[in-house]
A.B. asks: 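I have a structure I would like to understand better, so I am pasting it below and will then ask my questions one at a time.
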Amino acid sequence: MSSASPKVSSTQGSDKTVRKGPASISVRASERAVAQQTFALDPKYKKFTQQVEKCLNSFDNVHEWADFIAFLKQLLKTFQSYMQFKEIPRKLIVSKRLSQCLNPALPTGVHQRALDVYLHILSVLGPEGLLADLSIWSSGLFPFFEYAATSVKPTLLNLFDTHYLPLQSGLRPVMKSFILALLPGLEEETSEFFDKVLNLLDRLSGTVSPSFFFQNIWLVMLTTPTARGTSLNYLVRRLPRLNADEDITQVVGKDIGLMIRAFAAALEDENLLVRRGALDLLLQSLRADSTAVRKAQAEDRVILMRAASGVVLRRDLSLNRRLYTWLLGSGEKSEHQIEYFKTHGLDLVYSTLKNEMFSPSGEYAESRPFKIFISLLDKWEIGSALSHVLVYDAFKAIKNLIDNPSAGGEDVTMTASTLYEAVEPHILWKQLLTVMFAEITGDRKDIEAIRMVQFLLKTFSQDDEIQTIHLPIIFTAVLDLIDVQVQGGVSRLSSPLIKEALQLLEEMLLHIPHSALMQRPDLTGPIEAQRTTQRPYLFACSFYGVDPIAISGSVSDSFASANFATVDRSVSLIVALHQNINLVPRPFIDNRPTMFTLVTKLLKYLCANLAMYHVRAVNLIWSLEAATSRSHVESIVAQTMTSPESRNISESYEVFGVLWRLTEDNLLPGFRFKVPMMIVLETLKSDDPNLRRIGETWMRCSLRSYLRVLDPILFELLDPSVRRVLSPAKVNGREIQGFLYECPFDQRYMNHLLDLLLSIIRFGGQGFAKTAKATPIRRSHHVGLVQRVEASE
């Protein structure tokens with residue numbers, strides 16, 4: 001009989017070992033060599049060697065299990081006759097024969113006799129001898145545990161406990177093999193050896209650092225699929241439950257990539273239970289918001305997400321439920337889950353699927369990322385947010401694959417059709433419309449979205465909703481926008497983009513019922529009032545929630561060169577028309593381009609040499625601020641103070657100073673112009689002396705009152721969500737009173753506000769102190785600040 005001798009793999013760790021230095025190792029090796037030379041000259045050792053060889057030669061005549069027992073008895077008797085020698089002659093052949101005697105096909109009695117010989121050999125060799133020949137004697141013992149009978153396993157476990165564990169750090173070279181040998185004992189939790197093996201693994205981990213031990217676990221999971229289930233059984237009991245802000249590297253080592261690849265291998269395992277266990281472990285110790293995931297390399301994060309998202313292809317509810325919990329967090333409310341996903345998972349899912357769509361891996365089918373996308377759409381909290389960012393790229397990739405077909409082209413086409421039916425039409429056409437508008441109003445070089453719509457119309461069938469609602473709205477909006485572009489210059493009709501857009505309109509007409517173009521679709525909600533009043537382009541923007549580009553011509557090019565009297569009348573008229581709800585259609589000014597033109601023109605009249613216009617210009621700016629729903633004025637003023645295009649920074653600060661100084665306190669300039677105010681306060685602690693001087697000049701000339709800048713800062717610092725409670729802790733037996741914040745908050749922002757407050761105090765000195773002391777905070781014009789102060793008392 002013969003059997004291949006198992007190889008014992010080795011693992012090199014980065015941790016410090018307990019072994020002694022090279023000098024000590026070389027001394028032991030030389031001593032062992034001297035001892036072997038001494039044994040070679042000893043007549044009794046020669047006789048011992050001859051007896052062992054004779055016994056080994058008899059193995060060729062072994063045919064039945066009784067012959068094995070006889071052979072082992074004779075071998076053990078030979079060793080017991082020469083116990084004075086701490087060396088085993090012909091150890092390689094002895095090890096090979098003993099390994100063959102542990103063949104699973106042999107009876108338990110043979111196994112027990114073989115273990116008796118092992119026990120005797122290891123007792124004779126001692127720790128030093130075993131350490132020197134560790135791989136020789138382990139090659140037969142390690143693989144045997146998985147197949148050992150119940151009656152034999154206690155002997156084998158006792159052998160490991162007695163002779164292997166005392167080697168401590170000397171086990172590092174065979175750590176992976178040792179772990180692999182013991183893991184089969186964790187296959188069934190009800191097994192009588194489960195706790196013993198678990199305890200033995202714990203003690204094995206104690207012989208080296210936990211990080212080195214876990215690194216070997218990751219290697220086992222990567223290289224041995226059959227051991228992944230038992231590895232997860234161990235990890236789920238021993239890998240610590242970590243909070244999101246705890247660093248797992250102290251436990252598992254700095255090679256997070258190795259751990260992530262081990263998880264990925266388990267998530268892609270064919271065994272359903274292994275995948276389920278891997279997801280449970282992700283939820284326990286490697287959540288999407290954990291420090292380990294955030295600190296991992298981008299490539300490792302993609303590997304993890306690719307493996308995790310792939311579980312939806314198994315169409316198993318238990319797997320999907322665990323994946324959704326990992327992506328959405330443990331919150332119960334949908335809005336909390338969506339926020340968690342957008343913060344911790346959306347970007348990674350998007351980048352992973354997008355990369356796989358555009359750069360298919362040979363390991364997977366080309367249709368795989370699209371099928372994952374379709375499956376994720378079933379979970380609304382994930383599918384809605386993911387569709388907004390991925391749907392355009394998904395169909396762009398589909399177009400590329402269909403235009404350049406490969407062997408799996410038919411599968412891609414079927415999957416694309418399923419995706420087109422599954423995705424929310426409103427989201428898809430919103431993304432397409434946004435890009436088309438940008439192309440038509442841009443430099444007219446890119447026509448990707450226009451051709452994308454043509455592709456969708458020609459490739460997929462359109463349902464009633466698309467034919468009667470989306471296509472008519474988009475058709476009229478694109479036609480309206482083309483009309484505006486052509487009015488700006490007839491020569492634009494000959495541009496390739498306009499020609500392509502007209503071809504698109506012709507294709508769209510083939511899919512739109514004539515009745516759908518006669519009237520706009522019936523809608524509900526706030527947009528219903530705009531159904532009959534807005535021009536087609538603006539109606540499409542309102543319907544899809546897209547920010548429109550100013551095309552109405554309400555702010556003409558001549559406005560830029562108008563004198564103040566004309567500007568005054570124009571702005572007053574525009575605001576009045578905008579506020580007149582009975583006017584159809586009303587001029588639309590609540591957009592950035594229009595507001596930028598109006599506000600920047602008015603700001604020019606706040607220069608020092610135009611003081612006679614200051615008061616009226618400030619009133620006009622505030623009328624524009626009141627007429628719009630967004631903080632356009634604040635943003636534009638801040639842009640003039642920080643933009644590198646601003647030629648004179650000092651002048652822009654003076655302009656803001658005039659606006660600030662002429663604004664009454666009841667208009668709350670500190671809150672309405674918070675960003676420009678923060679920019680000014682930042683200069684007080686600037687390292688640039690010129691910029692700091694500009695800020696200090698602004699504070700002396702334009703501030704009017706410290707309360708204006710104090711109110712918005714105090715309002716943020718008194719945020720009721722930033723609350724702390726007493727949290728006593730014991731250190732060395734002594735109780736120390738501490739505090740614990742009830743919920744997380746942006747500490748950097750709070751520190752920034754405190755720095756600004758300190759800068760104000762340093763600048764104001766005694767004058768600031770007198771004002772702060774003499775003014776009750778209840779005199780503030782901001783009701784919310786007063787309420788926060790009263791609530792905090």
A.B. asks: Look at Glu500 together with Arg451 and state whether they make a salt bridge at an N to O cut-off of under 4.0 Å.
C.D. replies: yes
A.B. asks: Step through the shown structure and confirm whether more than 12 heavy atoms of other residues, nucleotides or ligands are within 6.0 Å of CD on Glu332.
C.D. replies: no
A.B. asks: In plain terms, say whether Asp289 and Arg287 are close enough for a salt bridge, that is, a side-chain N and a carboxylate O under 4.0 Å apart.
C.D. replies: yes
A.B. asks: Of all heavy-atom pairs between Leu323 and Ala308, which one has the smallest distance, and what is that distance?
C.D. replies: CD1-O, 3.6 Å
A.B. asks: Between His426 and Phe543, does the ring centroid distance fall short of 6.0 Å?
C.D. replies: yes
A.B. asks: Answer yes or no: is there an ion pair linking Lys333 with Glu339, defined by an N-O contact shorter than 4.0 Å?
C.D. replies: no
A.B. asks: Going by atom types only, do Asp411 and Ser367 share a side-chain donor-acceptor pair under 3.5 Å?
C.D. replies: yes
A.B. asks: Considering only heavy atoms from C-beta outward, does the side chain of Met508 approach that of Leu457 to under 4.5 Å?
C.D. replies: yes
A.B. asks: If you count every heavy atom of other residues, nucleotides or ligands that lies below 6.0 Å from Asp403 atom CG, does the total exceed 12?
C.D. replies: yes
A.B. asks: Grab the two heavy atoms, one from Ala627 and one from Val575, that are nearest each other, plus how far apart they are.
C.D. replies: CB-CG1, 4.1 Å
A.B. asks: So Phe455 and Phe395, ring-ring contact (aromatic ring centres under 6.0 Å, His included) or not? Walk me through it.
C.D. replies: CA-CA 9 Å; Phe455 166 77; Phe395 282 101; 8.0 Å; no
A.B. asks: Of the non-hydrogen atoms in Ile374 and Thr415, which two are nearest, and what is the gap between them?
C.D. replies: CD1-O, 3.6 Å
A.B. asks: Can a donor-acceptor pair be found, under 3.5 Å and without considering hydrogens, that links the side chain of Thr418 to the backbone of Met414?
C.D. replies: yes
A.B. asks: For Lys399, is the NZ atom crowded, meaning more than 12 foreign heavy atoms sit under 6.0 Å from it?
C.D. replies: yes
A.B. asks: Between Trp326 and Arg321, is any pair of side-chain heavy atoms under 4.5 Å apart?
C.D. replies: no
A.B. asks: Could you list all the ring pair (Phe, Tyr, Trp, His ring centres under 6.0 Å) pairs where at least one residue sits in residues 344-381, not counting sequence neighbours?
C.D. replies: Tyr340-His344
A.B. asks: Around atom CZ of Phe671, are there more than 12 heavy atoms of other residues, nucleotides or ligands at under 6.0 Å?
C.D. replies: yes
A.B. asks: What pairs with Glu507 under side chain to side chain donor-acceptor pair (under 3.5 Å), at least two apart in sequence or on another chain?
C.D. replies: His511
A.B. asks: Evaluate the side-chain proximity of Val311 to Arg322: yes if any heavy-atom separation is below 4.5 Å, no if none is.
C.D. replies: no
A.B. asks: Hey, are the side chains of Leu267 and Leu282 touching, using non-hydrogen atoms and a 4.5 Å cut-off?
C.D. replies: yes
A.B. asks: Tell me the closest heavy-atom pair linking Ser461 and Tyr420, and the distance in Å.
C.D. replies: O-CE2, 3.7 Å
A.B. asks: Taking side chain as C-beta onward, heavy atoms only, is Glu424 less than 4.5 Å from Val391?
C.D. replies: no
A.B. asks: Quick check: His782 with Phe715 (ring centres under 6.0 Å apart)?
C.D. replies: yes
A.B. asks: Is the number of heavy atoms from other residues, nucleotides or ligands within 6.0 Å of CZ (Arg592) greater than 12?
C.D. replies: yes
A.B. asks: Do Leu606 and Val618 have side-chain heavy atoms sitting under 4.5 Å apart?
C.D. replies: yes
A.B. asks: What is the minimum heavy-atom distance between Leu610 and Lys604, and which atoms define it?
C.D. replies: CD1-O, 3.5 Å
A.B. asks: Do Gln467 and Ile512 have side chains that approach each other closer than 4.5 Å (heavy atoms only, starting at C-beta)?
C.D. replies: no
A.B. asks: How close do Glu625 and Arg672 get, heavy atom to heavy atom, and via which atoms?
C.D. replies: CG-NH2, 3.2 Å
A.B. asks: For Asp547, is there an ion pair with Arg630 - N to carboxylate O distance below 4.0 angstrom?
C.D. replies: yes
